[in-house]
Amino acid sequence: MESLNQLMQQRREKLEKIRALGINPYPPKFDRTHTSRQIKDNFEALEEKEVAVAGRIMSNRRMGKAAFFHIQDMEGRIQIYVKKDEVGEKTFELYKLLDIGDIVGIRGLVFKTRTGEISVFAKELQLLAKSLRPLPIVKEKEVDGKKIVYDPFSDKELRYRQRYVDLIVNPEVKEVFIKRSKIITAMRNFLNQKGYLEVETPILQPIYGGASARPFVTYHNALDMKLYLRIANELYLKRLITGGFEGVYEFGKDFRNEGMDRFHNPEFTQMELYVAYQDYYWMMELTEEMISTVAQEVLGSMKIIYQGQEIDLTPPWRRLPLLESIKEFTGIEVDNLDDAALKDAAEKLGLVIEDNWGRAKIIDEIFGEFVEPKLVQPTFIIDYPLEMSPLSKIHRNNPRLVERFEPIIAGKEIGNAYSELNDPLDQRERFMQQMQLRAKGDEEAQVIDEDFLRALEYGMPPTAGLGIGIDRLTMLLTDSPSIRDVILFPHMRPEKREEEHEIDWE
RNA sequence: GGGCCCGUAGCUCAGCCGGUAGAGCAGCGGCCUUUUAAGCCGUUGGUCGCAGGUUCGAUUCCUGCCGGGCUCACCA
């Protein structure tokens, strides 16, 4: 237990004084009639009427025998006016023992102050929860309609570790997560309207698959076996297409045991959708329709600003084959070059190419370095090299390519899709190639999944599949520079080692 | 993993080339019954991230560690 500093000590003393007044500092409930927003939006109708509001004290201006303070509820803040003559001696004593951060309920009359602020004139004041820790104090002032914030609570480490404080003190943070929720709801509604079925598939998997990534490993005691946290939903969802569902989707957490940065959190949310009898061209249309619809519903516009760049999500989006995109941005015509010449060309661009890299890896490198960052407006990069895509169908016009696309927006991929490979013999081949890569030390190569192959052998219809990174999409639609700004509790190292709290596994 | 930067009061920060710390807000006490970054007067509060080293003396210099940020690498 950390020792109490002066401020926390004082609050505990106040708590005892409140108890001594015969007041329960943690009563069971409060009957609220209005939120702050409802009062502000309906002032004319509510003026001089009695309301009951509740929230956290966020500012306090005391003037002898009267005081103004703001309380904050889910929808905003409203000012409260307390006057000793009005609330009485005892309640005013209670008021004097309150702190910023305490949760209170007020019953009183709606009025407007001399300076024009809609407020509640307290007739009754009730403590609903005493706060024992001091909040950061953020003050703000409006000048010419612009909000100036003084001493913002800005330490990123504290904000991420104590998100509850961040949410209390920084209202725009709450907005981001409200939008995140609306994005997911809008997407779910879109998919439901199309008639697709939302399903749930295992997170704990005996064999992981569906992406190239290193997994987290866990252990089931009763079964005495290793399990993996899923890296993708893909293989289970395709089993369901085999099973006869013709459109299934899942919003799910995936887990990848890799580095962390501005665009990667070890656990992240993905929406995966599989639709029978369709191909990747069809899926491109669905994707642009879905993303633009979500933006329209959540933001009221298909035009967004991301980190200062204006982006127009209105369909149709540009479709650009991968190799053409490389030609466009670097002049390199990959198809005219043999392996050695391609390596030379890449090195001339300044890339460091390892000797054991194949063509696909070099192409991917050139794309990632010279093309992707330049694709600000939404673009479907289509038709990837076969070797990079063990789960997608070979291109109908070119056996060295697959029918795959990635939607790129603001220089970053936000998803991945293909005409799903449903030829079980070809799929087995591709798995075998992956196993060879794995034998050569590629820890991210995919693992053969015999049960998935068995499902394909029963026959899976032609299918289009799509994955959309919900975190990345949310970054885009909330103009957030880091994935940690759109995840409520981003992964952090433990604050300190507290031996006494270590969990004792058997 | 590499590079750069940061860690000082509850919060936001200052502290030059070494002499064991300061501001604003918050808090506490006083005045103030329509204030709003309320105001005025007074005042408390710090193992200067942790551990070593150099030194008569370290918040300051050096090393290591811990935590974080940015970035590069890796990575769908």
Check the distance between [N]'s [atom2] and [X]'s [atom1] and give it to me in whole angstrom.
X	N	atom1	atom2	answer
A:Gln9	B:G46	CD	P	13 Å
A:Ile71	B:U35	CD1	P	20 Å
A:Gln162	B:G68	CD	C1'	14 Å
A:Lys146	B:A37	NZ	P	17 Å
A:Asn170	B:C11	CG	C1'	11 Å
A:Ile483	B:G69	CD1	P	13 Å
A:Phe153	B:A9	CZ	P	14 Å
A:Leu109	B:U34	CG	P	17 Å

How far, in whole Å, is [M] from [N] if one measures between their [atom1] atoms?
N	M	atom1	result
B:G18	B:A58	P	13 Å
B:G45	B:C5	P	36 Å
B:U59	B:U47	C1'	12 Å
B:G19	B:C61	P	11 Å
B:C4	B:U12	C1'	24 Å
B:U20	B:C66	C1'	24 Å
B:C50	B:U60	P	10 Å
B:G30	B:A37	P	25 Å

Taking any strand in view, what nucleotide pairs with [N] in a Watson-Crick or G-U wobble way, both distances under 3.5 Å?
N	result
B:U59	none
B:G18	none
B:G67	B:C6
B:G24	B:C11
B:C32	none

Contact class for [X] vs. all strands (heavy atom < 4.0 Å): base, sugar-phosphate, or nothing?
X	value
A:Tyr150	base
A:Ser154	sugar-phosphate
A:Lys65	base
A:Tyr384	base
A:Asp364	base

Tabulate atom names and distances for all N/O pairs under 3.5 angstrom spanning the protein and nucleotides 70-74 of chain B.
{"residue": "B:U71", "atom": "OP2", "partner": "A:Arg262", "partner atom": "NE", "Å": "3.4"}

Q: Indicate yes or no for a side-chain donor-acceptor contact from A:Arg472 to the backbone of A:His264 under 3.5 Å, with no hydrogens or angles considered.
A: no

Q) Taking A:Glu444 for the side chain and A:Arg438 for the main chain, is one N or O donor matched with an acceptor at less than 3.5 Å? A)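 Checked: no pair found.
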
(Q) In terms of relative ring orientation, are A:Phe92 and A:Tyr95 parallel, tilted or perpendicular, with 30° and 60° separating the classes? (A) tilted

Q: Could you encode protein contacts along nucleotides 20-29 of chain B as a string, one character per nucleotide from 5' to 3', using B for base contact, S for sugar-phosphate-only contact and - for no contact, with a heavy-atom cut-off of under 4.0 Å?
A: ----BSSSS-

Q: Select from A:Asp155 and A:Tyr81 the residue whose nearest nucleotide in RNA chain B is closer to the 5' end of that strand.
A: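 On the 5' side of the pair lies A:Asp155.
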
Q. Under the side-chain contact (heavy atoms from CB on, under 4.5 Å) test, which residues partner A:Val149, sequence neighbours left out?
A. A:Val138, A:Glu140, A:Lys147, A:Pro152

Q. Should A:Tyr281 and A:Arg319 count as side-chain neighbours, where that means a heavy-atom distance under 4.5 Å?
A. yes

Q | Any A:Pro378 side-chain heavy atom under 4.5 Å of A:Ile311 side chain | A |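 They are in contact (side-chain heavy atoms under 4.5 Å apart), so the answer is yes.
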
Q) When you measure from the side chain of A:Phe68, which nucleotide among B:U33, B:U35, B:C13 comes out closest? A) B:U35

(Q) Quick check for you: among B:U34, B:A37, B:G10, whose closest atom lies nearest to any side-chain atom of A:Phe111? (A) B:U34

Q.
Can you confirm if the aromatic rings of A:Tyr81 and A:Phe121 lie within a centre distance of less than 6.0 Å?
A. yes

Q. What residues form a side-chain hydrogen bond (donor to acceptor under 3.5 Å, both in side chains) with A:Arg161, not counting sequence neighbours?
A.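 In terms of side-chain hydrogen bond (donor to acceptor under 3.5 Å, both in side chains), with neighbours along the sequence ignored, A:Arg161 is linked to A:Glu157.
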
Q: Go through the structure and list residues passing salt bridge (charged side-chain N to carboxylate O under 4.0 Å, His left out) with A:Glu406, not counting sequence neighbours.
A: A:Arg404

Q) Looking at A:Phe263, is A:Lys412 sitting on its ring face, NZ or CZ under 6.0 Å from the six-membered ring centre and within 45 degrees of the normal? A) yes

Q.
Can you say whether a donor on the side chain of A:Arg61 sits under 3.5 Å from an acceptor on the base of B:U35, or the other way round?
A. yes

(Q) Suppose we call a contact any N or O donor and acceptor under 3.5 Å apart; does that hold for the side chain of A:Glu117 and the base of B:U34? (A)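 In this structure, the two groups form no donor-acceptor pair.
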
What donor-acceptor contacts under 3.5 angstrom involve side-chain atoms of residues 483-491 of chain A, with partners at least two apart or in another chain?
{"residue": "A:Arg484", "atom": "NH2", "partner": "A:His491", "partner atom": "O", "Å": "2.7"}
{"residue": "A:Asp485", "atom": "OD1", "partner": "A:Tyr160", "partner atom": "OH", "Å": "3.0"}
{"residue": "A:Asp485", "atom": "OD2", "partner": "A:Ser482", "partner atom": "N", "Å": "3.4"}

Q: Step by step, work out the side chain to side chain donor-acceptor pair (under 3.5 Å) result for A:Ser131 and A:Arg56.
A: CA-CA 9 Å; A:Ser131 161; A:Arg56 188 185 296 276; 4.9 Å; no

